[in-house]
Amino acid sequence: MSEAAKESLNFIEQIIQDDLETKKNITVHTRFPPEPNGFLHIGHVKAIAINFETAKKYGGKTNLRFDDTNPITEKTLYVDNIKSDIKWLGYDWEDREYFASDYFDQLYAFAVDLINKGLAYVDDSTPDEIASMKGDPNTPGKNSPHRDRSVEENLRLFEEMKNGVHPDGSMVLRAKIDMAHPNLLMRDPNLYRVKTATHHRTGDKWCIYPLYDFAHGQSDSIENITYSLCSLEFRHHRDLYNWLIEKLEIFPSRQIEFARMNVAHMITSKRKLLKLVEENFVTGWDDPRMPTVAGMRRRGYPAAALITFVNKVGVAKRENTIELDLLESCVRDELNKTATRVMGVLNPLKMVITNFPEGKVEEMRADNNPEDENSGTRIVPFTRELYIEQEDFMEDAPKKFFRLGPGKTVRLKNGFIVSYENHLKDEEGNVTEVHVKYYPDSRSGSDTSGIKAKGVLHWVSIEHAIKVEVRDYDKLFTVESPLADEEKDFMEFFNHDSLKVLDNVFVEPSLQFAKPGDRFQFMRKGYFCLDQESTEDKLIFNKTVGLKSSWKPKNNQNQRSNQKK
RNA sequence: UGACCCAUGGUGUAAUGGUAACACUACGGUUUUUGGUAUCGUCAUUCUAGGUUCGAGUCCUAGUGGGUCAACCA
């Protein structure tokens with residue numbers, strides 16, 4: 001108790017704690033209610049985590065329920081993808097997998113109950129008429145001419161609706177509340193509509209389908225959900241949610257709204273994401289640049305990092321835009337602990353160790369992960385001719401350049417210390433080759449040379465290296481909030497340089513055993529994940545995120561200009 | 001012009017009437033065979049104005065700013 005008191009609670013937990021203490025509720029039961037009409041994205045991750053974590057915290061349970069009341073947009077394909085995404089995130093709904101469509105019979109009975117209580121009526125006004133009779137925020141609505149039909153007539157018409165007597169869109173069932181209510185949603189909201197369509201689960205059994213407000217809350221009640229957590233834009237629906245629970249006299253689930261999470265440079269609108277896919281701005285829903293769970297997984301973001309991220313973001317009711325830095329920080333933190341270190345050269349420059357015997361191969365031992373004692377070591381071959389990174393050599397290197405250049409001495413990671421001798425250039429003045437000498441007594445791990453080398457470079461043996469492809473991703477949008485400017489279409493902010501393919505990358509031979517999804521740290525460069533499109537002949541690595549770097553070359557205009565914005 | 005919600009460093013989130021804290025970012029230092037990691041440090045008129053109170057980020061009132069709401073979508 002004293003422990004719990006010390007810990008700070010978010011506003012939802014405070015409500016729950018209160019209810020538990022006053023015995024208003026004795027259990028905590030939540031639900032995650034996706035509509036199966038699209039793929040899960042970063043915003044859903046937050047909703048999933050809040051629902052599952054909140055229940056877990058109070059020893060409760062979380063249901064998975066597909067809100068499948070719109071047969072024309074919903075598909076089983078989405079159901080399957082959503083399930084596997086949630087599992088990948090690490091959450092388990094056990095046997096509590098439900099569908100709103102499972103409750104269609106019950107929902108129909110609820111509707112009949114409402115009609116019998118004189119609280120619902122069938123309206124055969126046109127959609128336009130209904131809209132115009134609704135009024136607007138400043139003017140009250142008008143009662144429908146059909147509002148006072150008898151219970152018997154309503155019952156008959158509603159049954160006819162169910163039996164397919166009336167065509168699509170010809171009539172609806174509405175709640176009879178108050179056409180002058182300040183909350184527009186309470187001005188006789190539609191409950192059921194006629195829609196002749198094949199449902200992904202109920203097939204052609206129904207030609208009437210309940211609307212959100214007559215399905216969601218009722219499903220919560222049926223499942224004895226105690227806390228129905230949703231985003232802020234459903235605030236106005238809560239009045240109706242409560243009204244229906246009261247009139248139907250069913251289990252009093254409680255809706256609590258929290259603010260949606262916005263992440264800088266990302267969008268989470270299903271429709272807009274779909275546009276990116278359909279118009280081939282990205283390669284698919286699982287393109288590693290997409291904010292979808294599938295995309296982020298393929299990018300190499302660990303599930304644990306995503307969960308840490310949304311937990312750190314917290315829960316509140318104000319508008320927010322989370323910086324990408326926080327997400328990347330969580331990803332790096334997780335990967336730092338778990339990713340195997342390897343060496344890979346993204347932009348190769350040939351280096352020749354002039355005093356190293358030709359044909360000789362030194363087997364160097366390298367730690368797989370210095371952050372993990374149990375990760376073991378591996379062998380990396382060291383030879384006379386190596387590749388180093390182009391950017392690790394500079395002809396006119398400043399003092400603080402702890403890399404290679406005239407007069408410089410550096411340590412080759414897990415190898416030997418080498419000193420600059422000379423370099424070759426082509427006609428255009430590009431450096432093509434660097435010659436160095438090495439110190440045989442400076443072997444990594446048993447260095448007796450006494451030479452101090454401030455810089456450390458990564459490298460690969462040319463003879464042993466595997467040539468691979470690297471896909472380097474950048475943010476999909478150039479501004480933090482591409483949707484914020486109402487004057488401009490969000491596609492104006494699309495980052496056309498969001499994908500750079502490096503096809504002349506060389507990695508150490510141990511990577512030949514990598515499997516799709518495996519994550520590595522290319523030392524000094526970043527974290528990379530083997531892509532699913534890799535073949536035996538060609539490995540493809542997705543750059544998950546770069547390493548942080550406190551090295552900033554000054555006065556270099558050619559450095560990547562996409563740092564912040 | 002209505003109803004409802006929100007307002008704390010650059011970004012998020014705490015502080016539950018009693019010393020404004022934590023994380024990320026940024027900038028410095030230390031350590032380092034990754035310019036990584038680790039570690040230490042630096043950066044605030046709590047939107048405004050009144051009020052209640054011994055005491056207000058917190059409670060009240062008004063203002064200002066932002067958001068949401070009028071699909072037979074969810």
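So that the names make sense, note that chain A is the first sequence line, chain B the second, and so on, each numbered from 1.
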- Task: Have a look at A/Asn320 and say if it touches a base, only the backbone sugar-phosphate, or nothing, with a 4.0 Å heavy-atom cut-off.
- Result: sugar-phosphate
- Query: To the nearest 0.5 Å, how far apart are CG in A/Leu9 and CD1 in A/Ile15?
  - Reply: 11.0 Å
- Query: Between B/rC69, B/rA74, B/rG12, which one does the side chain of A/Leu211 approach most closely?
  - Reply: B/rA74
- Does the side-chain ring of A/Tyr212 sit on the six-membered ring of the B/rA74 base, less than 5.5 Å centre to centre and under 30° in tilt? no
- Query: Between B/rG10 and B/rC47, how far is it from one P atom to the other, in whole Å?
  - Reply: 12 Å
- Message: What contact category does A/Glu35 fall into here, base, sugar-phosphate, or nothing, at under 4.0 angstrom with non-hydrogen atoms?
- Response: sugar-phosphate
- Message: Centroid separation under 6.0 Å, is that true for the rings of A/Phe528 and A/Phe520?
- Response: no
- When rounded to whole Å, the CZ to P distance for the pair A/Arg235 and B/rC4 reads 9 Å
- Message: Is it the case that the base of B/rG36 and the side chain of A/Gln521 share a donor-acceptor contact (distance under 3.5 Å, atom types as modelled)?
- Response: no
- According to a strict under-4.0 Å criterion, is A/Ser329 in side-chain N/O contact with OP1 or OP2 of B/rA23? no
- Would you indicate what A/Tyr192 reaches in the nucleic acid, counting non-hydrogen atoms under 4.0 angstrom: base, sugar-phosphate, or nothing? nothing
- Query: For A/Tyr78 and B/rA74, what is the distance between atoms OH and P respectively, to the nearest whole Å?
  - Reply: 16 Å
- Message: Can you measure A/Tyr241 atom OH to B/rA74 atom C1' for me and round it to whole angstrom units?
- Response: 14 Å
- Message: Can you measure A/Asn70 atom CG to B/rC72 atom C1' for me and round it to whole angstrom units?
- Response: 10 Å
- Message: Is there, by distance only and without an angle test, a donor paired with an acceptor across the side chain of A/Arg524 and the base of B/rU34 below 3.5 Å?
- Response: no
- Please state the C1' separation for the pair B/rC69 and B/rU1 - nearest whole angstrom. 15 Å
- Which residue lies toward the 5' end of RNA chain B, A/Thr321 or A/Asn336, if each is placed at its nearest nucleotide? A/Thr321
- Hey, does A/Gly445 reach any base, or is it just sugar-phosphate, or nothing, if we go heavy atoms under 4.0 Å? base
- Query: Does A/Phe402 have its ring centroid less than 6.0 Å away from the ring centroid of A/Trp551?
  - Reply: no
- Message: So, under a plain 3.5 Å distance rule, would you say the side chain of A/Ser444 forms a donor-acceptor pair with the base of B/rU33?
- Response: yes
- Is A/Thr139 near enough to B/rU1 that one of its side-chain N or O atoms lies under 4.0 angstrom from OP1 or OP2? no
- When A/Arg524, A/Lys413, A/Lys525 are each screened for side-chain hydrogen bond (donor to acceptor under 3.5 Å, both in side chains) with A/His458, the one that passes is A/Arg524
- Query: Between the base of B/rA74 and the side chain of A/His237, is there any donor-acceptor pair under 3.5 Å?
  - Reply: yes
- Message: Please confirm whether the ring centroid of A/Tyr212 lies under 6.0 Å from the ring centroid of A/Phe234.
- Response: yes
- So A/Thr126 and A/Asp128, side-chain hydrogen bond (donor to acceptor under 3.5 Å, both in side chains) or not? Walk me through it. CA-CA 5 Å; A/Thr126 66; A/Asp128 283 348; 5.3 Å; no
- Query: Looking at B/rG35, B/rG10, B/rG2, which one has an atom nearest to any side-chain atom of A/Glu323?
  - Reply: B/rG10
- Item | Axial cation check for A/Tyr108 ring with A/Lys162, 6.0 Å and 45° limits | yes
- Message: Please report the distance separating the P of B/rG66 from the corresponding atom of B/rC59, rounded so that it comes out in whole Å.
- Response: 23 Å
- Query: Expressed in whole Å, how much space separates the P atoms belonging to B/rU58 and B/rG9?
  - Reply: 14 Å
- Task: Decide side-chain hydrogen bond (donor to acceptor under 3.5 Å, both in side chains) for A/Thr377 and A/Arg365; before the verdict, give the C-alpha distance in whole Å, the side-chain angles of both, and the deciding distance to 0.1 Å.
- Result: CA-CA 6 Å; A/Thr377 61; A/Arg365 190 157 289 279; 2.6 Å; yes
- Message: I want to verify a distance call: between B/rA15, B/rG35, B/rC72, whose nearest atom is closest to the A/Arg193 side chain?
- Response: B/rC72
- Item | Distance, C1' atom - from B/rG57 to B/rA21, rounded to whole angstrom | 13 Å
- Query: Is A/Ile322 touching bases, backbone alone, or none of the nucleic acid, heavy atoms closer than 4.0 Å?
  - Reply: sugar-phosphate
- Item | Presence of salt bridge, A/Glu74 and A/Arg201, under 4.0 angstrom | no
- Considering only B/rG36, B/rC24, B/rU16, which nucleotide approaches the side chain of A/Arg341 most closely? B/rG36
- Query: Roughly how many Å is it from CD in A/Glu233 to P in B/rA70, rounded to a whole number?
  - Reply: 11 Å
- Of the nucleotides B/rU33, B/rA74, B/rG10, which one has an atom closest to the side chain of A/Val456? B/rU33
- Task: Answer with base, sugar-phosphate or nothing: what part of the nucleic acid does A/Pro370 contact at a heavy-atom distance below 4.0 Å?
- Result: base
- Query: Taking the C1' atom of each, how far is B/rG55 from B/rG28, in whole Å?
  - Reply: 38 Å
- Message: Regarding B/rU37, can its base be found pairing with the side chain of A/Arg332 as donor and acceptor, where the two atoms are less than 3.5 Å apart?
- Response: no
- When the distance from CG of A/Asn368 to C1' of B/rU33 is rounded to whole Å, what number comes out? 16 Å
- Closer than 4.0 Å, any side-chain N/O of A/Lys195 to the OP1 or OP2 of B/rC73? yes
- Which of these nucleotides, B/rC69, B/rU13, B/rA23, is closest to any side-chain atom of A/Ala316? B/rU13
- Counting only distance, no hydrogens or angles, is the base of B/rG65 paired donor-acceptor with the side chain of A/Glu319 under 3.5 Å? no
- Message: What is the distance, to the nearest angstrom, from the CG atom on A/Asp68 to the C1' atom on B/rC73?
- Response: 14 Å
- Task: Establish whether the base of B/rU34 is bridged to the side chain of A/His458 by a donor-acceptor pair shorter than 3.5 Å.
- Result: no
- Message: Applying a 4.0 Å non-hydrogen cut-off, can you work out what A/Ser125 is touching in the nucleic acid: base, sugar-phosphate, or nothing?
- Response: base
- Quote, to the nearest angstrom, the C1' distance that separates B/rC22 from B/rA44. 15 Å
- Item | A/Lys548 side-chain N/O to B/rU25 phosphate OP1/OP2 under 4.0 Å | yes
- Task: Nearest whole angstrom, please: distance from the C1' of B/rU68 to the CD of A/Glu486.
- Result: 13 Å
- Task: Establish whether the base of B/rU8 is bridged to the side chain of A/Arg318 by a donor-acceptor pair shorter than 3.5 Å.
- Result: yes
- Same-atom distance (P) from B/rC24 to B/rG36, integer angstrom: 15 Å
